[in-house]
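Contents: one structure, followed by commentary.
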Amino acid sequence: MKSVLTTVIGAADSGSRFPSSSDLESVQGSLQRAAARLEAAEKIAANYDAIAQEAVDAVYQQFPNGATGRQPRQCATEGKEKCKRDFVHYLRLINYSLVVGGTGPLDELAINGQREVYKALSIDPGTYVAGFTFLRNRGCAPRDLSAQALTEYNSALDYVINSLA
């Protein structure tokens, strides 16, 4: 999986050089933020079901038929279950990304090709943007996470939101 460490080592190796001081500074920054990322990852792992349900509830409150696109979901219960399944999948990948300290898991397992999949299935990604935006805006330090952990969590959510937009 792609992380700051693997990226720095890969770039140095492909350039037949040692990591530069700026490379090492980026690694050091990643290591300094590791505790906050792990705090956020632990919180997600312990509460993924409730977090996903909050996102689904926010989507269905904003879009009562559960979709922002042309084809509304016919069955609200089935639509909510599938929507929750998708949010859980994204949360798991966000969790992995927080653990490794890079966007590799999200890039490899969610973002690459997502536009084609959503287009083929007639799913408007705006549905997921609404849910993730709610989650990003809902977070509160110190109630939910420490300030630094919340920043790391929100950065991961922003990454997903931007990929879907």
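All residue numbers in this chain count up from 1 along the given sequence. Below, all heavy atoms of this structure are taken into account, side chains as well, without hydrogens, waters or symmetry copies.
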Residue pair Gln28, Gln32: steps toward the side-chain contact (heavy atoms from CB on, under 4.5 Å) verdict = CA-CA 6 Å; Gln28 183 179 16; Gln32 289 171 343; 3.5 Å; yes

Would Val8 and Ser26 count as a side-chain contact (heavy atoms from CB on, under 4.5 Å) if you check the C-alpha gap in whole Å, the side-chain angles of each, and the deciding distance to 0.1 Å?
-> CA-CA 8 Å; Val8 164; Ser26 68; 3.7 Å; yes

Looking only at atom types and distance, does a side-chain atom of Arg85 sit under 3.5 Å from a main-chain N or O of Glu81, one as donor and one as acceptor?
-> no

For the hydrophobic clusters of this structure (ILVMFWY residues joined by side-chain heavy atoms under 4.5 Å, transitively), does one cluster hold both Leu150 and Val99?
-> no

Would you say the side-chain atoms of Ser163 pair up with the backbone N or O of Val160, donor to acceptor, closer than 3.5 Å?
-> yes

Apply side chain to side chain donor-acceptor pair (under 3.5 Å) to Gln114 and Tyr90, showing your working.
-> CA-CA 12 Å; Gln114 74 183 356; Tyr90 274 108; 2.9 Å; yes

Nearest heavy atoms of Ala52 and Leu91, plus distance in Å = N-CD1, 3.8 Å

Between the CG atom in Leu157 and the OG1 atom in Thr133, the distance rounded to the nearest 0.5 Å is 8.5 Å

Locate the shortest heavy-atom distance separating Leu98 from Ala41; write the atom from each residue and the value.
-> CD1-N, 3.9 Å

Side-chain heavy-atom pair Arg37, Ser97 within 4.5 angstrom cut-off = no

Are Leu106 and Val117 in one and the same hydrophobic cluster, where Ile, Leu, Val, Met, Phe, Trp and Tyr link if side-chain heavy atoms are under 4.5 Å apart?
-> yes

Indicate the ring-plane relationship of Tyr118 and Tyr128, choosing parallel, tilted or perpendicular according to the 30° and 60° boundaries.
-> parallel

Okay, side chain of Glu152, backbone of Ala35: is any donor-acceptor separation there less than 3.5 Å?
-> no

Step through it carefully: locate the ring centre of Phe132, locate the ring centre of Phe87, and say whether they are under 6.0 Å apart.
-> yes

Taking salt bridge (Lys or Arg N to Asp or Glu O under 4.0 Å) as the test, write out the residues that go with Asp13, two or more places apart.
-> none

How long is the span from the NZ atom in Lys80 to the OH atom in Tyr60, to the nearest 0.5 Å?
-> 7.0 Å

Smallest heavy-atom separation, Ser30 atom then Gly101 atom, equals OG-O, 4.2 Å

Do the charged groups of Asp144 and Arg138 touch, with an N to O distance under 4.0 Å?
-> yes

Can you tell me if Tyr159 and Asp107 form a side-chain donor-acceptor pair at under 3.5 Å?
-> yes

Looking at Ala11 and Ser14, what are the two nearest heavy atoms and their distance?
-> O-OG, 3.1 Å

Gap separating the CD1 atom of Ile161 from the CZ atom of Arg136, nearest 0.5 angstrom = 4.0 Å

At their closest point, which heavy atom of Ala36 faces which heavy atom of Ala149, and how far apart are they?
-> O-CB, 3.3 Å

Note: Lys43 and Leu145 closest approach over all heavy atoms is CB-CD2, 3.5 Å

Between the side chains of Asp49 and Gln53, is a donor N or O closer than 3.5 angstrom to an acceptor N or O?
-> no

Salt-bridged, Arg17 to Asp23, with N to O below 4.0 Å?
-> yes

Heavy-atom side-chain proximity of Arg92 to Tyr48 below 4.5 angstrom | no

Same apolar cluster: Ile94 and Leu38, side chain cutoff 4.5 Å = no

Common cluster, Leu24/Ile9, ILVMFWY with side-chain heavy-atom separation under 4.5 Å = no

Spacing of CD belonging to Glu39 relative to CZ belonging to Arg33, to within rounding of 0.5 Å = 14.5 Å

Nearest-0.5 Å distance that lies between atom CG in Asp57 and atom CD in Gln62 | 13.0 Å

Please tell me if the side chains of Val100 and Pro105 come closer than 4.5 Å, counting only heavy atoms from C-beta onward.
-> yes

